[in-house]
Number of protein chains: 2
Amino acid sequence: MNKLFDRLKEGGLKLTPQRLAIADYLKGNTSHPTAAKIYEDLKPQYPSMSMATIYNTLSTMAEMELIQELRLHKEQIHYDPDMSHHLHFFCRHCHSVIDVPHKEGIPDFKEFEKKTTNRIDHVSVALIGVCKKCLQKKQ
Amino acid sequence: MNKLFDRLKEGGLKLTPQRLAIADYLKGNTSHPTAAKIYEDLKPQYPSMSMATIYNTLSTMAEMELIQELRLHKEQIHYDPDMSHHLHFFCRHCHSVIDVPHKEGIPDFKEFEKKTTNRIDHVSVALIGVCKKCLQKKQ
DNA sequence: TTTATAGATTATAATTGTTCTAAATTAGTA
DNA sequence: TACTAATTTAGAACAATTATAATCTATAAA
């Protein structure tokens with residue numbers, strides 16, 4: 001039913017209503033929510049859920065590589081259940097995050113790894129700018 | 001003498017010893033220091049200087065596009081006086097930042113801008129991983 | 001050289017997202 | 001049904017950065 005939840009189960013974790021709620025919330029979600037947004041949206045249905053649970057669950061999921069943490073700015077972490085390779089556009093004004101499919105691909109850094117013997121785990125590309133809506137408002 | 005300082009002057013700002021010290025510290029500096037590191041290193045010579053002055057000066061310089069703010073992780077901002085287009089490798093363990101020259105160039109996002117009418121101001125590419133030294137220590 | 005003042009610096013308080021803590025609760029098992 | 005280790009919870013702690021308000025100073029005019 002929910003891949004995220006199944007993977008938590010496979011990881012030997014207890015299946016709590018809170019974890020199911022968060023997994024369901026994230027499933028297919030392309031809005032790149034923050035912990036605060038998830039908390040706000042789940043509050044009506046789970047009034048007792050605390051931020052700590054949300055952070056714990058998200059951290060666990062990120063460690064298990066089921067979701068990614070996007071550190072696009074210093075204010076807040078955004079979470080993305082889409083683990084396929086894609087880029088993000090980040091609006092400096094409204095802080096919205098938009099997926100950017102990439103065809104051409106990011107340049108290859110194998111040479112850098114070989115030359116320097118530093119190990120690259122992840123290449124993060126962020127397009128920083130101002131979104132359509134915010135551009136219109138400013139006029 | 002110091003380009004950074006000259007540009008502050010041209011911007012009509014007052015030329016204080018603190019600003020000169022920070023400009024001198026950053027000149028040709030490829031270590032990507034944080035505000036705390038700058039504070040620590042300037043303290044012996046300027047014992048009364050406060051963090052606020054450092055943050056104010058760095059913010060001003062960033063606004064004037066004399067230096068870049070690197071938000072590679074949520075803990076701290078790193079500052080880079082090198083405004084030429086290059087990438088950064090960030091070590092998740094020791095938080096060191098290493099410059100990565102790029103030849104091939106970042107893919108072009110003009111098409112994305114045209115299609116979506118979002119405006120891209122800056123493309124930030126961060127290579128996240130573990131540096132040579134930290135890899136050796138772990139063994 | 002003195003004075004005036006807008007801008008800069010300072011110490012400290014406030015802010016804010018995230019992490020920690022310790023007590024209470026609960027999922028899964030015997 | 002009872003046990004126990006994992007989980008949740010509320011609230012405290014934390015740390016980098018920003019804001020505040022008083023003091024100071026670089027600069028220009030008198």
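- Counting only heavy atoms from C-beta on, B:N56 has its side chain closest to C:dT9 among C:dT9, C:dA27, C:dC20.
- Rounded to whole angstrom, the span from the OH atom of A:Y39 across to the C1' atom of D:dT8 amounts to 13 Å.
- The shortest side-chain heavy-atom distance between A:E75 and A:T34 does not fall under the 4.5 Å cut-off.
- Nucleic acid contact class of B:M51 (heavy atoms, under 4.0 Å, all strands): none.
- Residue A:H88 is tested with A:H95, A:H73, A:H32 for a ring pair (Phe, Tyr, Trp, His ring centres under 6.0 Å); the sole match is A:H32.
- One finds a side-chain N or O of A:T53 lying less than 4.0 angstrom from the OP1 or OP2 phosphate oxygen of D:dT9.
- In this structure, of C:dG7, D:dT8, D:dT17, it is C:dG7 that holds the atom nearest to the side chain of B:K14.
- Taking only side-chain nitrogens and oxygens, A:Q18 comes nearer than 4.0 Å to OP1 or OP2 of D:dT9.
- Looking at every heavy atom in both residues, B:K132 comes nearest to A:N118 through N-OD1, 2.8 Å.
- Rounded to a whole Å, the NZ atom of A:K9 is 15 Å from the P atom of C:dA27.
- Residue contacts shown for B:S48 are limited to sugar-phosphate atoms, with no base heavy atom under 4.0 Å away.
- The distance between atom CD1 of A:I54 and atom C1' of D:dA10, rounded to the nearest whole Å, is 14 Å.
- In this structure, of D:dT17, D:dA19, D:dT9, it is D:dA19 that holds the atom nearest to the side chain of B:A52.
- Ion pairing of A:D121 with A:R119 is present here, as a side-chain N (NZ or NE/NH1/NH2) and a carboxylate O approach within less than 4.0 Å.
- If you measure from atom NZ of B:K37 to atom P of D:dA15, you get 19 Å, rounded to the nearest angstrom.
- The nucleotide whose nearest atom lies closest to any side-chain atom of B:A35 is, among C:dG17, D:dA6, D:dT17, D:dT17.
- Rounded to an integer number of Å, the gap from CD of B:Q76 to P of D:dT18 is 13 Å.
- Atom-to-atom, CG of A:L15 to C1' of D:dA5 comes out at 15 Å; the value is rounded to the nearest Å.
- Between B:L58 atom CG and C:dA8 atom P the separation is 15 Å, expressed in whole Å.
- Of the candidates D:dT27, D:dT8, C:dT9, the closest approach to any side-chain atom of A:T57 belongs to D:dT8.
- A:E113 and A:K115 are not joined by a salt bridge, as no carboxylate oxygen comes within less than 4.0 angstrom of a charged side-chain nitrogen.
- Map B:R19 and A:E75 each onto its nearest nucleotide of DNA chain C; the residue landing nearer the 5' end is B:R19.
- In this structure, CD1 of B:I38 is placed 14 Å from C1' of D:dA16, rounded to the nearest angstrom.
- Checked by distance alone, A:K74 brings no side-chain donor or acceptor within 3.5 Å of a matching partner on the base of D:dA16.
- Proximity of B:Y55 to the phosphate of D:dT18: no side-chain N or O atom is located under 4.0 Å from OP1 or OP2.
- In this model, the phosphate group of D:dT8 is approached by a side-chain N or O of A:T16 to a distance below 4.0 Å at OP1 or OP2.
- In this structure, the side chain of A:N2 engages the main chain of A:A23 through a donor-acceptor pair within 3.5 Å.
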